Amino acid sequence: MTDAETSTPEAPTPATPKPTREMERRWGKDVIEPGFTFIPSVLLRGQARLRIDAVELAVLVHLIDHWWQSSEMPFPSKRRLAERLMVSEKTIQRAMARLETEGLVKRIARHYPGGGQTSNYYDLSPLVERLRPIAKDMTKARAEAKATVRSAERPGGRRRKVVTP
């Protein structure tokens with residue numbers, strides 16, 4: 001037997017790794033691995049227009065963290081939310097009542113099959129609808145600001161001449 005016949009074949013060279021996702025580059029894979037939640041900037045930037053305080057915003061963020069499927073409403077318990085936010089269950093109840101009064105969340109009672117109530121479902125579709133006009137205003141303001149900057153950058157504020165061949 002020759003050396004070529006008895007040696008183990010070399011392992012194939014691994015392919016060039018795929019580029020890591022931006023979130024992994026920003027936060028690190030070990031931080032992203034357990035999961036992450038997408039929060040639209042319009043929710044954070046539009047907080048004053050929604051008339052909600054910091055606790056109510058934090059409750060919304062945690063409800064969104066539990067909203068895994070668009071077709072399934074989240075249903076974390078008040079106790080879980082209170083533990084995560086380091087506040088009392090009564091504070092969570094007040095925040096939920098206020099979010100409902102502001103028309104951002106709809107609480108729907110959820111019951112065990114044998115009777116008795118368990119944690120509520122929280123319908124966030126009213127929040128999404130309330131964010132739409134804010135998002136529209138923000139998009140419009142960004143476009144207007146961009147046009148203003150473009151105009152200011154041109155000599156005399158004039159439009160660029162287009163030369164046709």
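No hydrogens, no waters, no symmetry mates; every other heavy atom, side chains included, goes into these values. Being a predicted model, the structure only gives us computed values, none of them experimental.
- Heavy atoms from other residues, nucleotides or ligands lying under 6.0 Å from CZ of Arg84 number more than 12.
- Side-chain heavy atoms closer than 4.5 Å link hydrophobic residues (I, L, V, M, F, W, Y) into clusters, and following such links, possibly through other members, connects Val128 to Val61.
- Heavy atoms only, all atoms of each residue included: Met73 and Tyr122 are closest at CB-O, 3.6 Å.
- A salt bridge between Asp53 and Arg98 is absent, with no side-chain N of the basic residue lying under 4.0 Å from a carboxylate O of the acidic one.
- Listed here is the closest heavy atom pair of Leu124 and Pro74: CD1-CG, 4.1 Å.
- Here the CD1 atom belonging to Ile64 is positioned 8.5 Å from the OG1 atom belonging to Thr37, to the nearest 0.5 angstrom.
- For the atom pair OG (Ser41) and CG (Leu131), the distance works out to 11.0 Å, reported to the nearest 0.5 Å.
- With rounding to the nearest 0.5 angstrom, the CG atom of Asp65 is 10.0 Å from the CG atom of Leu81.
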**Request:** For the pair Glu89 and Lys78, evaluate salt bridge (Lys or Arg N to Asp or Glu O under 4.0 Å) and give the outcome as yes or no after the intermediate values.
**Result:** CA-CA 6 Å; Glu89 286 184 50; Lys78 291 179 189 84; over 6 Å; no

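- Looking at Glu153 and Arg150, no side-chain N of the basic residue comes within less than 4.0 Å of a carboxylate O on the acidic one, giving no salt bridge.
- A donor-acceptor pair shorter than 3.5 Å can be found between the side chains of Thr91 and Ser88.
- A salt bridge links Arg132 and Glu129; the closest N-O separation between the charged side-chain nitrogens and carboxylate oxygens is under 4.0 Å.
- Enclosure of atom CZ in Arg79 is not indicated, since only 12 or fewer non-hydrogen atoms of other residues, nucleotides or ligands lie within 6.0 angstrom.
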**Message:** Set out, in order, the CA-CA distance, both residues' side-chain angles and the distance that settles salt bridge (Lys or Arg N to Asp or Glu O under 4.0 Å) for Glu83 and Arg80, then state yes or no.
**Reply:** CA-CA 5 Å; Glu83 287 170 356; Arg80 175 176 294 213; over 6 Å; no

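- Arg130 contributes no side-chain N or O that, together with a main-chain N or O of Ser125, makes up a donor-acceptor pair within less than 3.5 Å.
- When all heavy atoms are compared, the tightest approach of His62 to His66 is O-ND1, 2.9 Å.
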**Message:** As a quick check of understanding, evaluate side-chain contact (heavy atoms from CB on, under 4.5 Å) for Asn120 and Ile108, giving each step before the final call.
**Reply:** CA-CA 6 Å; Asn120 292 318; Ile108 301 168; over 6 Å; no

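- Side-chain contact between Glu22 and Arg25 is present, with heavy atoms from C-beta onward closer than 4.5 Å.
- Contact check for Lys146 versus Arg142: no side-chain heavy atoms found under the 4.5 Å cut-off.
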**Message:** Quick one, Leu50 with Leu43, criterion side-chain contact (heavy atoms from CB on, under 4.5 Å). Give me CA distance, side-chain angles, the key distance, then yes/no.
**Reply:** CA-CA 8 Å; Leu50 295 171; Leu43 173 59; 3.7 Å; yes

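- For the ring-ring contact (aromatic ring centres under 6.0 Å, His included) test, no residue two or more places apart in sequence or in another chain qualifies with Phe36.
- In this structure, Ile39 is a member of the same hydrophobic cluster as Ile52, with clusters built from ILVMFWY side-chain heavy atoms closer than 4.5 Å.
- Note on Leu44 and Leu99: same hydrophobic cluster, where clusters join Ile, Leu, Val, Met, Phe, Trp and Tyr whose side-chain heavy atoms are under 4.5 Å apart, directly or indirectly.
- Taken from CD in Gln47 to CD1 in Ile134, the straight-line distance is 10.5 Å, to the nearest 0.5 Å.
- Judged by distance alone, the side chain of Ser119 and the main-chain N or O of Phe75 form a donor-acceptor pair under 3.5 Å.
- A distance-only check finds no donor-acceptor pair linking the side chain of Glu72 to the backbone of Trp67 [under 3.5 Å].
- Placement of Leu60 and Met138 within a single hydrophobic cluster is found when ILVMFWY residues are connected by side-chain heavy-atom separations under 4.5 Å, directly or transitively.
- The local environment of CZ in Arg45 is sparse, with at most 12 non-hydrogen atoms from other residues, nucleotides or ligands closer than 6.0 Å.
- For Leu63 against Pro76, the heavy-atom pair with the smallest separation is CD2-CG, 3.6 Å.
- Not one N or O on the side chain of Ser151 forms a donor-acceptor pair closer than 3.5 Å with the backbone of Ala147.
- Closest non-hydrogen pair, Gln117 versus His111, comes out as CA-ND1, 3.5 Å.
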**Item:** Worked verdict on Asp137 versus Arg49 for salt bridge (Lys or Arg N to Asp or Glu O under 4.0 Å)
**Value:** CA-CA 11 Å; Asp137 290 347; Arg49 280 184 62 181; 2.9 Å; yes

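- Put simply, the side chain of Glu24 never gets that close to the backbone of Ile32: no donor and acceptor are under 3.5 Å apart.
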